[in-house]
Amino acid sequence: MNTIVKKFIILVILCSFSCIAYSQTFHAIVACNTIDRSIGTGMVSDMKNMSNAIQIIAANLNCEFEMQVFDGNQCTKKNIIEYIDEMEVGRDDVILFFYGGHGTHAENNANDPWPQMCMNTNIESLFMPVKQLDKLLGNKQPKLRVIL
């Protein structure tokens, strides 16, 4: 992960800290494409670094904490949607979602300003649009949702 990205992530997390500190539950979802030959090693490192950072933040908060990691073959649109659908989220909760992997602006969604997460596939119909993820998390009505 390059220095600018690290600084940005730290800034977002710190800015969210005050909101997270007053939440009931801090939900974290980490999804990384760790099996792609071109980026897999870097994604394993990013996944570990982000998971560690999230756990450090959670350890210093006075709230419940839940974290789910999707890596390797588990990093799929289907698995993430199913997990989010099953999440129990209160109005004072915070959700943090981190994705590490390839992204693109798919041809079938050229008008969407947000990219699609390729997950661990080259099949466009299995890409996860950030817009769809934002809607799924927003439907849970948390106090704050952060997508990185």
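We use all heavy atoms of the structure for the numbers below, so side chains are in, but hydrogens, waters and symmetry mates are not.
Of the inter-residue distances, the one linking H102 atom NE2 with S38 atom OG reads 3.5 Å to the nearest 0.5 angstrom. Here the CG atom belonging to N49 is positioned 11.0 Å from the CD1 atom belonging to I54, to the nearest 0.5 angstrom. Rounding to the nearest 0.5 Å places CG of L148 at 11.5 Å from CG of D46. Here the straight-line distance linking atom CG of N139 with atom CE of M87 works out to 12.0 Å at 0.5 Å rounding. Taking NZ from K143 and CZ from F26, the interatomic distance works out to 13.0 Å, rounded to the nearest 0.5 Å. The distance from atom CG of L61 to atom CD1 of I56, rounded to the nearest 0.5 Å, is 12.0 Å.
Surrounding CG of N122 are at most 12 heavy atoms belonging to other residues, nucleotides or ligands under 6.0 Å away.
Transitive grouping of hydrophobic side chains (ILVMFWY, heavy atoms separated by less than 4.5 Å) keeps V44 and M67 in distinct clusters. Linking ILVMFWY residues whenever their side-chain heavy atoms come closer than 4.5 Å, directly or via other members, places I81 and F70 in the same cluster.
Nearest heavy-atom pair, H105 versus P113, reported as atom, atom and distance to 0.1 Å: CE1-O, 3.3 Å. Residues K131 and D112 share a closest heavy-atom pair of CB-OD2, 3.4 Å. The two atoms that bring V89 and P142 nearest to each other are CG1-CB, 3.9 Å, heavy atoms only.
Looking at Q74 and Y83, their side chains never come closer than 4.5 Å, going by heavy atoms from C-beta outward. By the 4.5 Å heavy-atom criterion applied to side chains, N73 and I35 are counted as neighbours. Looking at heavy atoms from C-beta onward, F98 lies out of side-chain contact with M47 at the 4.5 angstrom threshold. Within the 4.5 Å cutoff, no side-chain heavy atoms of I57 are placed close to those of L96. Residues Q24 and C63 have side chains not in contact (no heavy-atom distance under 4.5 Å, counting atoms from C-beta outward). You'll find the side chain of N120 reaches within 4.5 Å of the side chain of T76, heavy atoms only. The closest side-chain heavy-atom distance from C75 to T34 is not below 4.5 Å.
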D93/H27 under side-chain hydrogen bond (donor to acceptor under 3.5 Å, both in side chains): CA gap, chis, key distance, verdict: CA-CA 7 Å; D93 290 359; H27 305 268; 3.0 Å; yes

Apply side chain to side chain contact (heavy atoms under 4.5 Å, CB included) to the pair M119 and N33, showing each step before the final yes or no. CA-CA 6 Å; M119 308 314 257; N33 182 356; over 6 Å; no

Working note: Y99 + V130, criterion side chain to side chain contact (heavy atoms under 4.5 Å, CB included); need CA distance, chi angles, decisive distance, verdict. CA-CA 10 Å; Y99 172 70; V130 172; over 6 Å; no

Before giving the answer on side chain to side chain contact (heavy atoms under 4.5 Å, CB included), spell out for L137 and K140 the whole-Å C-alpha distance, their side-chain angles and the decisive distance to 0.1 Å. CA-CA 5 Å; L137 296 178; K140 293 294 182 173; 5.5 Å; no

Stepwise, does the side chain to side chain contact (heavy atoms under 4.5 Å, CB included) test hold for I80 with F97? CA-CA 10 Å; I80 290 171; F97 181 93; 4.1 Å; yes

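Sorted by first then second residue, the salt bridge (charged side-chain N to carboxylate O under 4.0 Å, His left out) pairs that include residues 67-78, not counting sequence neighbours, are K78-E82.
Cluster partners of I39, using a side-chain heavy-atom cutoff of under 4.5 Å among ILVMFWY residues and allowing indirect links, are M43.
Side chain of N52 to backbone of K48: a donor-acceptor contact under 3.5 angstrom is found.
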